[in-house]
Structures are given as C-alpha cells and as structure tokens.
Q: 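Take a look at the following structure, please.
Just so it is clear, the model here is predicted, and its values are computed rather than measured. One-based numbering, in listed order, for ligands and for the atoms of each.
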Amino acid sequence: MAATSDTSADIEEHEDVWVFVEQHDGEVANVTWELLSKGRDLADERGENLVALVMGENIDETDIPEQCIARGADKVLIADDPVFEPYRSDPYGEQFRHLVETHKPAIALIGGTHTGRDFAGRVAVPTHAGLTADCTELEMEDGRYEMRRPAFGGDALATIICPEHRPQMSTVRPGVFPAAEPDADRDGEIEEVEVVVDEADTMTEVLEREVGDVADITDADVVVAGGMGAEGDFEPLWELADLLDGEVAATRDAVEEGWIEPARQVGQTGKTVRPKLYIAAGISGAIQHLEGMDDSETVIAINTDPNAPIFDNADYGIVGDLHEVIPELIEYFQEN
Ligand code: FAD
C-alpha cells in the first residue's frame, strides 16, 4: 500500500511514548506492565512522557489508572463507553486511530496478544504509521528508535526503523521485558477523552463468548518444560506442573511431534517466558530454545547427557532419566 510521506515538520509534532493498556473484565494483561516498564525507559531516554491508554466501560470503578501511574505512566487517557465492552477490533481500532491523529504520539506500544495483534493494523493502516509486529527488543540507538524482531522463521533478527512516519508502532511479544514493581507514591495525571465511536457505526456484535482452556505459559511462575527426551510421554510433566501450580511448556521439536499444542512452545519462534522456576526436562538447550527462557529466575535441567548444553544455562542440573527423576520430584513435593 502506498503511504503518504509525512514531512519532517509533521514528525516533529509527534511526541511521547504510548502504551495500550489491555484489560478484559477489569483484569489487566501482564504484557501491559511489561510495556509500561520498557516504555518508561524509552520515554526517559527521549525526554518525553509515558502515556497509558485504557479503553473500556466504568474504568473509574477500577484502580487501573492508578496502577498504570504506579507502573510508570505520567498520564493515563481513558476512553470510557459501553461500546468498548466486550473487546471488538473495530471500536478499539477507530478510537485509537482518532487519538493518534489528535494527540500525535511518537511511539505506540501494543502487546502482541490476540487482542493487540487484532486491532493494531486498524490503527497503522489509516494513519500510514506502519507496524512492526512481534518485537522482541526495542532500543533508542543514538537518538533513533529501533525495533527488533525475529525474521525468516527465526534465522535472523531484523532491526526496523521508521524514518518517515509517526507513530512508530510495535506489537511486542509478551514476556520479553520484565515488569517493574509498582511505586504507589508516583504522581500522574488522569484524563478522560472524548469517545468518537458509536455502537451504530460498529460492524460487529458479540453474541456469545466462550472462554476455552487457553494456556498462558507467559504468566506462570513455574514452567515445567519437556523436550524430545520426554519421548511423547508428558504425563509426569503435567502432574509436576499441577503440584507446583505451574504450566507445561515444550521445545519446538516436541510440539512438531504433536505431543503438545503450539501455544506452549518456548523459544525464538514460540513464546518468551521468565518464570521464577523453569524445569527443563529432556531438553538439549538449543540456542533457539534458550532465547525463550534464559531470563528465568531459576533453571533446573534434567538430562541423561552430562554434556547437554542446557546444563551451561541451568542453576541446578540433574543427570538422569526424566522418567525416573520427575516421579521422584513429584513424590518429594507431595510429601513436603
Ligand atoms: P533434542 O535436541 O533432540 O534434545 C533432546 C534431549 O533430551 C537431549 O539432550 C537428550 O540427551 C535428552 N534426553 C533423551 N532422553 C532423555 C531422558 N529419558 N531423560 C532426560 N533427558 C533425555 N526450538 C525450540 O525449542 N523453540 C523454538 O522457538 C525454536 N525455534 C527455532 C527456529 C529456527 C529457525 C530453527 C532452525 C530451529 C528452532 N528450534 C526451536 C529448534 C531447535 O534448534 C532445536 O532443534 C530444539 O530446541 C531441540 O529440541 P529438544 O531439546 O526437545 O530436542
């Protein structure tokens, strides 16, 4: 699609780093806190404000705006209307587009979740902003904003810049940035904005919502991950994960074998996790896998091969057969 070129004067009008606050039924997605932390750093480096944008109904009955300020926002914009509940891409996209055109942010960060991926394009296309999807790194480099994301199926890491258009938009993979602890003493401004979307103009209507058992391994404090060494039997891993109130994850090879669903794949072409505890069972430790878990707080590796590279990235290593070691761990945790 041909985009109109902004002039440098237009570009200079754009300032501030925006973060889209993803909330469903008043519950904020963790990626929002991660983006506010990263956004805070970017805003500080640029000498600009960090602005959080919340859309929904009766937001003032929640503590979401205050939480956003505690997590780093200088200002919270609220678009409050029944049209935003439940989530639909057209009202969200249209309201965000309007705010981009009237408020002119320089950078807009959106979680690379189902929701974020769904509506971000509805903002990027009409504003000619362009959109870098699924970013894993965001940096200011000599005053220039650089977005990085895996390319060519994960074989390369592409650096993308946006010299001619604003805002510089990214969807960002959940789990890649740590979320800073909230600081309840931070000050910030809360502003309700005009809602420009009308129910009559929306093209979609939600008739029914069925929430399935969708795994979110990125939110889990404990991840028990299995690889080819599990030889198709993930049952002990599920049992251990249940005991530890955790989630089960896997390597790409295990996913490709069909032993577990793709939503649970960790790594360069899967998800990024940073749990308190990552148990890697029957996983060799390929670089593409490590990329998705090497920020875990504590890693325990279980592998029959004492020379498996995963041990170089583990805090504790157990050389042994996972089919013997995991049942022993289960027994231990059941008793203690
Ligand atoms: P293997 O490498 O086969 O390792 C199995 C391990 O199990 C071995 O170390 C073995 O000693 C051990 N073992 C065997 N039996 C037992 C037992 N009974 N008990 C304990 N240990 C045992 N991989 C990902 O995981 N995520 C990605 O996102 C990803 N993206 C990729 C992108 C690209 C472009 C490419 C080229 C590859 C990607 N891969 C990814 C694949 C990656 O390179 C590895 O092939 C994969 O991670 C290996 O999976 P694995 O550790 O399960 O299997």
Side-chain angles (χ1 to χ4, degrees), residues 31 112-113 117 133-137 148-160 171-177 215-220 222-241 244 246-275 277-296 299-332:
V31 66
T113 59
R117 289 169 187 221
D134 211 20
C135 292
T136 53
E137 288 173 34
R148 274 183 268 284
R149 54 151 299 159
F152 302 111
D155 284 343
L157 199 59
T159 296
I160 296 169
T171 58
V172 182
R173 202 187 272 201
V176 294
F177 298 121
D216 193 356
I217 58 171
T218 59
D219 274 353
V222 176
V223 173
V224 182
M228 293 303 285
E231 293 163 345
D233 179 15
F234 267 58
E235 209 35 60
L237 282 78
W238 286 105
E239 207 179 320
L240 182 59
L244 300 177
E247 288 289 351
V248 175
T251 61
R252 185 164 95 169
D253 293 22
V255 167
E256 283 174 352
E257 289 291 331
W259 298 342
I260 193 161
E261 72 259 30
R264 292 181 185 272
Q265 181 187 318
V266 168
Q268 197 182 72
T269 45
K271 292 197 171 142
T272 303
V273 295
R274 46 173 76 242
L277 174 62
Y278 190 87
I279 300 178
I283 292 176
S284 58
I287 183 80
Q288 296 90 351
H289 184 79
L290 298 177
E291 201 167 292
M293 48 65 73
D294 61 0
D295 282 333
S296 302
V299 176
I300 301 177
I302 306 165
N303 201 301
T304 44
D305 175 6
N307 299 315
I310 190 73
F311 286 128
D312 298 334
N313 295 276
D315 300 284
Y316 301 96
I318 303 173
V319 179
D321 182 342
L322 69 92
H323 296 107
E324 291 165 17
V325 175
I326 291 190
E328 279 180 40
L329 288 176
I330 291 171
E331 207 178 303
Y332 173 82

Q: Which residue and atom name correspond to the protein heavy atom nearest atom 18 (N) of ligand 1, and how close is it?
A: D321 OD1, 2.9 Å

Q: So which protein heavy atom does atom 14 (C) of ligand 1 come closest to, and at what separation?
A: G229 CA, 3.4 Å

Q: Any idea which atoms of ligand 1 are less than 4.0 Å away from a heavy-atom of G270?
A: 28 (O)

Q: At a non-hydrogen distance cut-off of under 4.0 Å, which region of S284 contacts ligand 1 (side chain, backbone, both, or neither)?
A: both

Q: Is it the side chain (CB and beyond), the backbone, both or neither of Q265 that lies under 4.0 Å from ligand 1, heavy atoms counted?
A: side chain

Q: Going by the atom numbers of ligand 1, which of them fall below 4.0 Å from some non-hydrogen atom of G227?
A: 52 (O)

Q: Looking at non-hydrogen atoms alone, which of E324, Q288, H289 comes nearest to atom 42 (C) of ligand 1?
A: Q288

Q: Enumerate the atoms of ligand 1 whose separation from the nearest heavy atom of Q268 is less than 4.0 angstrom.
A: 27 (C), 28 (O), 32 (C)

Q: Can you find an N/O atom of E231 closer than 3.5 Å to an N/O atom of ligand 1?
A: no

Q: Output yes when the distance from some N or O of ligand 1 to some N or O of G285 is under 3.5 Å, and no in every other case.
A: no

Q: If we ignore hydrogens and angles and just use 3.5 Å, is the side chain of D321 paired with the main-chain N or O of T304 as donor and acceptor?
A: no

Q: Can you tell me how far CG of D294 sits from CZ of R274, rounded to the nearest 0.5 angstrom?
A: 9.0 Å

Q: Nearest protein heavy-atom contact for atom 41 (C) of ligand 1: which residue, which atom, what distance?
A: D253 OD1, 3.7 Å

Q: For ligand 1, is there an N or O atom under 3.5 Å from any N or O atom of L322?
A: yes

Q: Please list, in number order, the atoms of ligand 1 under 4.0 Å from a heavy atom of T269.
A: 27 (C), 28 (O), 29 (C), 30 (N), 31 (C), 32 (C)

Q: Quick check on contacts: which atoms of ligand 1 are under 4.0 angstrom from a heavy atom of A286?
A: 42 (C), 43 (O), 44 (C), 47 (O)

Q: Taking atom OG1 of T136 and atom CG of L157, what is their separation to the nearest 0.5 Å?
A: 5.0 Å

Q: Can you report which non-hydrogen protein atom sits closest to atom 11 (O) of ligand 1, along with the distance?
A: N303 OD1, 2.7 Å

Q: Heavy atoms only: give me the nearest P236-I330 pair and the separation to one decimal.
A: O-CD1, 3.6 Å

Q: For A254 and G226, which heavy atoms make the closest approach, and how far apart are they?
A: CB-O, 4.0 Å

Q: Need the ligand 1 atom indices (1-based, order shown) with element for anything under 4.0 Å from a heavy-atom of G267.
A: 26 (N), 27 (C), 28 (O)

Q: Does A230 reach ligand 1, in the sense of a heavy atom lying below 4.0 Å from it?
A: no

Q: Could you state the interatomic distance from CG (D295) to OH (Y278), rounded to the nearest 0.5 Å?
A: 12.5 Å

Q: Has ligand 1 got any nitrogen or oxygen that is less than 3.5 angstrom from a nitrogen or oxygen of A308?
A: no

Q: Considering only heavy atoms, which of M228, R252, M293 lies nearest to atom 23 (N) of ligand 1?
A: R252

Q: Hey, are the side chains of L244 and I279 touching, using non-hydrogen atoms and a 4.5 Å cut-off?
A: yes

Q: Would the distance check show the side chain of R149 and the main-chain N or O of A133 forming a donor-acceptor pair, the cut-off being under 3.5 Å?
A: yes

Q: Which of the atoms of ligand 1 are close to G320, meaning less than 4.0 Å from one of its heavy atoms?
A: 19 (N), 20 (C)

Q: Given side-chain contact (heavy atoms from CB on, under 4.5 Å), test L277 with V224 step by step and report yes or no.
A: CA-CA 8 Å; L277 174 62; V224 182; over 6 Å; no

Q: Run I283 and H289 through side-chain contact (heavy atoms from CB on, under 4.5 Å) and show every step you take.
A: CA-CA 9 Å; I283 292 176; H289 184 79; 3.8 Å; yes

Q: M228 and E257: side-chain contact (heavy atoms from CB on, under 4.5 Å), yes or no, with the steps?
A: CA-CA 9 Å; M228 293 303 285; E257 289 291 331; 3.7 Å; yes

Q: Which residue and atom name correspond to the protein heavy atom nearest atom 22 (C) of ligand 1, and how close is it?
A: T304 OG1, 3.4 Å

Q: Any chance you could measure Q265, atom CD, to D253, atom CG, to the nearest 0.5 Å?
A: 8.5 Å

Q: What part of V266 sits under 4.0 Å from ligand 1 if we count only heavy atoms: the side chain, the backbone, both or neither?
A: backbone

Q: Answer yes or no: does an N/O atom from G282 fall short of 3.5 Å to an N/O atom of ligand 1?
A: yes

Q: Give me the one residue out of V325, L329, I318, D315 that meets side chain to side chain contact (heavy atoms under 4.5 Å, CB included) with I300.
A: I318

Q: I want to check something: taking the side chain as every heavy atom from C-beta on, are L237 and I260 in contact at a cut-off of under 4.5 Å?
A: no

